[in-house]
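Here is the naming used below: chain letters follow the sequence lines, and residue numbers restart at 1 for every chain. The model shown is predicted, which means the values in this text are computed figures rather than measured ones.
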Amino acid sequence: MTRRMQTSREGAMHLWFWLRERWIRFFFKPVGPRNLGLCRVLFFGVFFLLYLPQDFSAWAYVGVSFFDPIVLFEFLHLPVLPSDLLLVVQDVWKVSLALSCLGLLTRISTMSSLILGVYLLGLENNFGKIHESETLVVICFGILALSRCGDAYSIDRLISRWRQGSDLTVVRPRMSGDYTWPVRTVWVVFTLIFFAAGVSKLRHSGLEWIFSDNLAISLIMSGYHVSDAEPLVTWGLYIAQYVWLTRLLAAGSLVLELSCPLALFSSKARWIIVPSILLLLIGFRVFLGPTFVPQYLICSLFWVPWDRVSIRLVERFRELSSRKSFVLRSTANKLKSTPDYGEGSVGQERGPEPR
Amino acid sequence: MTVKFEQTAEGKGAPQAFGMSKPRFLLANGIIVFLIIGAFLALAMDTEPWPFSNYPMFSYLQNGTGRDYSLDKAQFYGVLQGEPHQEIPLRGSYIQPFTDDRLINYFYRIDNGLDYRIKRDPAERQQLLNGAARDFFAQYERMRQTGRHDGPPLQGIRLYQQHWQLDPRAANADQPDYRELLAEYEQP
């Protein structure tokens with residue numbers, strides 16, 4: 001009995017160490033700061049452009065009868081600010097996004113992007129409906145604000161290098177798990193979101209979500225102004241005529257959503273699941289209308305190894321430019337060696353003049 | 001690259017092996033665990049404690065699935081000034097900062113007793129609808145006066161519950177089969 005207990009205890013310990021090692025290898029494998037830095041530049045840069053024309057101050061004009069505070073606003077007693085103040089807050093927020101992209105005062109600007117972003121992006125959810133479009137965005141703001149995303153490709157880094165000058169004792173950012181966990185955490189949250197969407201469908205509708213005419217009806221309803229935007233094309237109405245096709249699409253969507261966490265464990269699965277999820281999102285926008293797609297598309301940039309992509313791009317650029325300079329040099333040499341050095345000589349090199 | 005957590009020079013479990021200080025290592029783990037637990041709690045409780053959510057988009061069967069192809073939705077109409085007080089449907093920029101789905105959901109919740117204010121006192125439903133019509137009129141006019149939309153000045157607002165038998169080509173999208181007046185507000 002004691003021996004069996006000892007064996008099971010050893011087994012549990014072994015499992016615990018195995019899980020701990022897997023956890024650490026996944027979240028804290030030491031890497032350089034470049035990928036996270038590039039993710040920061042792209043993430044904040046694109047969101048700055050996306051939100052630049054957006055005006056949140058109109059929510060100050062909405063009457064109290066529509067105000068139904070979400071948990072966060074109720075818990076923190078956050079009010080709807082007057083229109084003038086909202087304008088100031090949103091301007092500060094947009095500047096913070098731009099500074100976060102540039103990496104100037106990175107810790108302060110990313111923190112300001114988070115705090116003001118939570119308020120501004122959460123504000124509309126107090127009126128009528130909670131939109132899921134910005135949940136991942138806010139979580140990404142939080143992760144980046146608490147990370148060391150300003151250690152590469154940032155003005156802060158340039159300033160610190162300039163201040164250090166030729167001081168060789170100063171340590172450069174090294175390989176660290178600090179540059180891994182933010183990216184990997186975004187992956188985890190991203191996959192959990194789609195997994196949750198799949199579970200919600202099964203919980204609220206069961207397999208009827210696939211085997212009924214539900215998706216066909218959704219596609220037809222999209223023509224009745226029920227979404228936050230109109231579908232981009234009217235093909236959804238034609239697809240809805242073929243119920244077998246809508247069932248197939250529904251089954252594919254559900255399987256894809258439920259299998260999304262597999263992208264965390266297998267790089268092969270990642271290559272299939274993540275692009276398929278992006279196609280699914282684009283399909284939602286094109287055929288059904290909801291506008292949550294850009295936010296998720298932008299957040300999916302964390303799946304791309306930008307450090308490797310940038311190195312390949314630089315290598316390709318160097319290769320191209322060296323090839324170009326070689327061609328130019330050899331052409332110039334040939335031109336110099338040609339006795340009749342002037343206009344038209346290049347043409348003469350291509351072949352003899354037609355007689 | 002393999003990271004052996006136990007085999008570090010600093011001893012068992014030293015985060016320095018990953019180029020991190022211990023407080024930062026603990027903070028990172030805390031954030032990861034918080035986000036994972038938050039996501040699973042929202043899913044288990046089937047709630048939307050923003051920014052966490054159970055992501056219920058498109059998860060409910062559409063009204064009429066397996067029975068009939070019908071649709072009910074609430075819609076604001078503006079009553080124009082001057083005789084004969086024509087009605088115009090309010091959509092797009094006229095309902096800013098709302099969107100169609102947000103208003104539909106708001107009135108769906110009231111209609112189905114899902115709004116917490118109705119749970120407290122079901123008799124307040126009509127009061128809530130009248131208040132919404134009044135507030136929406138004020139919002140429309142303020143947005144118009146500040147140049148945020150170019151809609152015509154209104155005499156009042158009417159809120160209708162509209163019903164459609166769905167057409168496969170959505171040809172009747174702007175002509176509901178019938179509608180019921182839910183609330184009305186006219187400026188004094």
Side-chain angles (χ1 to χ4, degrees), chain A residues 20-21 24-25 27-30 58-59 61-66 68 70-72 122 124-125 127-130 132 135 138-139 143 146 174-178 181 185 188-189 192-193 196-197 199-201 203-205 208-209 212-214 217-218 220-221 223-228 237 240-241, chain B residues 1-3 5 18-20 24 27-28 31-32 35-36 39 42-43 46 48-62 64-66 69 71 73 91 96-106 115-116 128 131-132 134-136 138-139 142-143 148 164 166 168-170 173:
Chain A
R20 200 167 69 153
E21 197 181 321
I24 282 165
R25 200 183 297 171
F27 283 110
F28 299 102
K29 180 179 146 183
W59 288 109
Y61 296 136
V62 177
V64 284
S65 60
F66 289 101
D68 181 8
I70 54 175
V71 177
L72 189 74
E124 65 171 17
N125 296 307
F127 298 96
K129 190 181 183 186
I130 296 174
E132 290 90 15
T135 51
V138 166
I139 289 171
I143 291 169
L146 296 166
R174 52 180 180 165
M175 303 275 276
S176 167
D178 248 329
W181 75 263
T185 310
V188 170
V189 177
L192 286 179
I193 284 173
V199 171
S200 282
K201 287 180 182 77
R203 173 188 271 165
H204 298 139
S205 305
E208 218 183 329
W209 197 85
S212 66
D213 46 5
N214 177 56
I217 295 179
S218 297
I220 294 172
M221 276 186 184
Y224 284 79
H225 318 293
V226 291
S227 188
D228 57 342
L237 297 172
Q241 309 306 310
Chain B
M1 184 177 189
T2 311
V3 180
F5 191 66
F18 326 111
M20 296 173 76
R24 282 206 61 80
L27 173 75
I31 294 163
I32 296 163
L35 290 174
I36 292 173
L43 185 58
D46 203 17
E48 295 183 87
W50 193 92
F52 294 106
S53 176
N54 55 344
Y55 296 92
M57 59 261 201
F58 298 107
S59 71
Y60 291 93
L61 291 178
Q62 293 290 0
T65 300
Y69 282 52
L71 167 67
K73 73 164 185 173
R91 276 201 289 267
Q96 272 180 0
F98 284 109
T99 45
D100 282 318
D101 66 324
R102 200 174 281 284
L103 282 177
I104 291 168
N105 192 64
Y106 177 76
D115 192 288
Y116 74 102
L128 214 58
R134 183 195 60 233
D135 283 350
F136 191 81
Q139 171 197 325
R142 286 181 75 184
M143 296 286 279
R148 287 166 191 259
W164 282 268
L166 293 179
R169 307 268 175 212

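- Heavy atoms of A28(B) lying under 4.5 Å from chain A belong to its backbone as well as its side chain.
- Nearest heavy atoms, Y61(A) versus Q139(B): O-CB, 3.6 Å.
- When heavy atoms are compared at a cutoff of 4.5 Å, A240(A) does not approach chain B at all.
- Proximity to chain B (any heavy atom under 4.5 Å) is shown, for V62(A), by both the backbone and the side chain.
- Within the 4.5 angstrom heavy-atom criterion, atoms from both the backbone and the side chain of I130(A) approach chain B.
- Using a distance-only test at 3.5 Å, with no hydrogens or angles considered, a donor-acceptor pair links the side chain of R102(B) to the main chain of E124(A).
- Scored by the side-chain hydrogen bond (donor to acceptor under 3.5 Å, both in side chains) test, S227(A) finds no partners at all (sequence neighbours excluded).
- When heavy atoms are compared at a cutoff of 4.5 Å, F27(A) approaches chain B solely by way of its side chain, counted from C-beta outward.
- The minimum heavy-atom distance between W164(B) and Y224(A), with the atom names listed, is CD1-CE2, 3.4 Å.
- Between the side chain of S176(A) and the main chain of G19(B), a donor-acceptor pair closer than 3.5 Å is present.
- Counting heavy-atom pairs under 4.5 Å between each of R148(B), Q96(B), R169(B) and chain A puts R148(B) at the top.
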Does F66(A) form a side-chain contact (heavy atoms from CB on, under 4.5 Å) with L103(B)? I'd like the steps, not just the answer. CA-CA 9 Å; F66(A) 289 101; L103(B) 282 177; 3.9 Å; yes

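- Residues satisfying the side chain to side chain contact (heavy atoms under 4.5 Å, CB included) test with R134(B), not counting sequence neighbours, are Y185(B).
- Top candidate by heavy-atom pairs under 4.5 Å with chain B, chosen from D228(A), L237(A), V71(A), I220(A), is D228(A).
- The CG atom of L146(A) sits 6.0 Å away from the CG atom of L27(B) when rounded to the nearest 0.5 Å.
- Heavy atoms closer than 4.5 Å to chain B are found in the side chain of I70(A), but not in its backbone.
- Proximity of a side-chain donor or acceptor of S205(A) to a complementary backbone N or O of S59(B) within less than 3.5 Å is detected.
- Counting heavy-atom pairs closer than 4.5 Å to chain A, the top residue among R91(B), M143(B), M57(B) is R91(B).
- Looking at T135(A) and W50(B), their side chains come closer than 4.5 Å, going by heavy atoms from C-beta outward.
- Each of I32(B), D101(B), D135(B) has some count of heavy-atom pairs under 4.5 Å with chain A, and the biggest count is that of D101(B).
- The contact between I193(A) and chain B is made by backbone and side chain atoms together, counting heavy-atom distances below 4.5 Å.
- The heavy-atom pair separating L43(B) from S200(A) by the smallest distance is CD1-OG, 4.3 Å.
- Using a 4.5 Å cut-off between heavy atoms, W59(A) touches chain B through backbone and side chain atoms alike.
- Proximity of a side-chain donor or acceptor of K129(A) to a complementary backbone N or O of T99(B) within less than 3.5 Å is not detected.
- Interface remark: V226(A) contributes backbone and side-chain atoms alike to the contact with chain B (heavy atom separation under 4.5 Å).
- When all heavy atoms of D46(B) and H204(A) are compared, the closest pair comes out as OD2-NE2, 2.9 Å.
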Checking L192(A) against L35(B) for the side-chain contact (heavy atoms from CB on, under 4.5 Å) test, could you report, in this order, the C-alpha distance in whole Å, the side-chain angles of both residues, the deciding distance, and whether it holds? CA-CA 10 Å; L192(A) 286 179; L35(B) 290 174; over 6 Å; no

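- No hydrogens or angles considered: nothing links the side chains of D68(A) and Y106(B) as a donor-acceptor pair under 3.5 Å.
- If you measure heavy-atom distances from E132(A) to chain B, the contacts under 4.5 Å come from both the backbone and the side chain.
- Of all the heavy atoms in W181(A) and R24(B), the pair that sits closest is CZ2-NH2, 4.3 Å.
- Options Q241(A), K201(A), H225(A) differ in how many heavy-atom pairs under 4.5 Å they form with chain B, and the most are formed by H225(A).
- Counting all heavy atoms, side chain and backbone alike, I139(A) lies closest to P51(B) at CD1-O, 4.0 Å.
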